[in-house]
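Comments concern the structure below.
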Amino acid sequence: MPTPADHLRALVDRAVRAEEDDETGERLRRAMAGESPARFTGRLVLERAAHQVATTDHTLRDIATESGFDGYDVFARAFRRELGALPSQWRADPTSHLIDAPGDAHVHPPDGVRLPARWRIDSVDLVVEMAQRHVRVVAGLVEAARQVPRPELDRPAEDGTLRSALTSAVGELAALIALVRETEVHAPADDESLTELSDRLARVGPDFVDSVALLGATGRFDEAFVDAFRPAPTATSYGTRVTRTLTDADGTLLLARTRLRACGVDWPVPA
């Protein structure tokens with residue numbers, strides 16, 4: 001059965017042979033500048049393994065096997081060469097799992113690879129204002145939903161319930177924050193109350209706006225991620241993620257507004 005490392009090697013091989021002749025392939029070839037394909041792949045595999053050493057309770061031998069190394073000794077030697085200590089020693093006092101690279105492409109846990117921006121994108125004041133308004137819209141929808149009887153919150157519609165739509169809208173904000181901060185996304189409970197949802201939005205809303213502002217200030221909207229350790233990798237950029245959220249590309253806010261109207265709730269669109 002192919003390992004995540006096998007999926008990465010196959011992706012890089014297709015990019016080198018120009019079989020992956022799309023945006024993902026072009027970004028990978030650009031990111032490999034200054035490294036051989038073997039060095040590029042091996043470094044990323046080791047970065048992912050190091051992150052697992054630091055953050056999981058998997059045995060070191062299991063990590064070595066899943067990473068495609070020909071035995072634990074080979075893994076341990078490579079680990080010490082790149083990270084300065086044996087895996088067991090490093091696990092006791094881990095540092096960054098990132099390894100210096102000329103193209104600045106690195107593993108984005110758990111199974112992604114962050115590819116550097118191809119060009120700098122600035123002038124983002126308008127985007128930040130849009131992010132602020134989006135948070136106000138979501139907050140307004142959550143507040144309006146308090147007027148809806150509990151059974152109606154969970155009444156199934158074609159694309160989901162009012163509660164699930166609002167939960168997804170707040171979850172999208174948290175997902176971008178996690179991507180920017182390189183942290184894990186914690187899924188909320190399925191039966192999260194409106195009060196709990198409002199409290200969570202109060203926390204993640206400002207952080208979402210700050211994350212959008214940070215991406216703009218550092219020109220990183222074109223920075224991309226590819227889930228390179230999975231069988232069918234796809235690439236997406238920060239800019240694409242922000243755009244999809246702000247334009248309600250998934251129809252989450254539309255569903256919430258539709259359900260509110262069906263329940264007779266008049267919801268004024270915020271300025």
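Counting from 1, the numbers follow the sequence of the chain as shown. As the structure is a computational prediction, the values presented were derived from the model and not from experiment.
Of the possible donor and acceptor atoms, one in the side chain of E47 sits under 3.5 Å from a partner among the backbone N and O of V107. Proximity of a side-chain donor or acceptor of S96 to a complementary backbone N or O of L98 within less than 3.5 Å is detected. For the pair R91 (side chain) and V53 (backbone), a donor-acceptor distance under 3.5 Å is present. Without hydrogens or angle criteria, T258 side chain to L254 main chain gives a donor-acceptor distance under 3.5 Å.
Using the six-membered ring where Trp is involved, F208 and H134 have ring planes that are tilted, between 30° and 60° apart. Ring geometry, W90 versus F79: the interplanar angle exceeds 60°, so the pair is classed perpendicular (tilted spans 30 to 60°).
A 4.5 Å side-chain heavy-atom check between L179 and H108 finds at least one atom pair inside the cut-off. Between V137 and L253 the shortest side-chain heavy-atom distance falls below 4.5 Å. Residues H106 and R43 have side chains in contact (heavy-atom distance under 4.5 Å, counting atoms from C-beta outward). The closest side-chain heavy-atom distance from L153 to T161 is not below 4.5 Å. A 4.5 Å side-chain heavy-atom check between T55 and H97 finds every atom pair outside the cut-off. Between R155 and E152, some side-chain heavy-atom pair lies under the 4.5 Å cut-off.
Scanning all heavy atoms of the two residues, the minimum distance from E192 to R163 falls at O-NH1, 2.9 Å. Nearest approach of F229 to A5, heavy atoms of both residues: CD2-N, 4.2 Å. P116 and G103 get closest at one heavy-atom pair: CG-O, 3.1 Å. The nearest pair of heavy atoms linking A145 to L162 is CB-CD2, 4.1 Å. Of all the heavy atoms in A117 and G219, the pair that sits closest is CB-O, 4.2 Å. In plain terms, the two heavy atoms of V212 and F221 that are nearest each other are O-CZ, 3.7 Å.
D62 and T65 are not linked by any side-chain donor-acceptor pair at a separation below 3.5 angstrom, with hydrogens and angles left out of the test.
Listed by first then second residue, pairs satisfying side chain to side chain donor-acceptor pair (under 3.5 Å) with a partner in residues 69-84 read R39-E82, not counting sequence neighbours.
Between D222 and R27 there is a salt bridge, with a side-chain nitrogen of the basic residue lying less than 4.0 Å from a carboxylate oxygen of the acidic one. Between D207 and R203 no salt bridge is recorded (no basic side-chain N to carboxylate O distance below 4.0 Å). Between E196 and R200, no side-chain nitrogen of the basic residue sits less than 4.0 Å from a carboxylate oxygen of the acidic one, so the salt-bridge criterion is not met. Between E143 and R146 there is a salt bridge, with a side-chain nitrogen of the basic residue lying less than 4.0 Å from a carboxylate oxygen of the acidic one.
For E172, there are no salt bridge (Lys or Arg N to Asp or Glu O under 4.0 Å) partners two or more places apart in sequence or in a different chain.
Exactly one residue among L141, V135, L201 makes a side chain to side chain contact (heavy atoms under 4.5 Å, CB included) with V170. That residue is L201.
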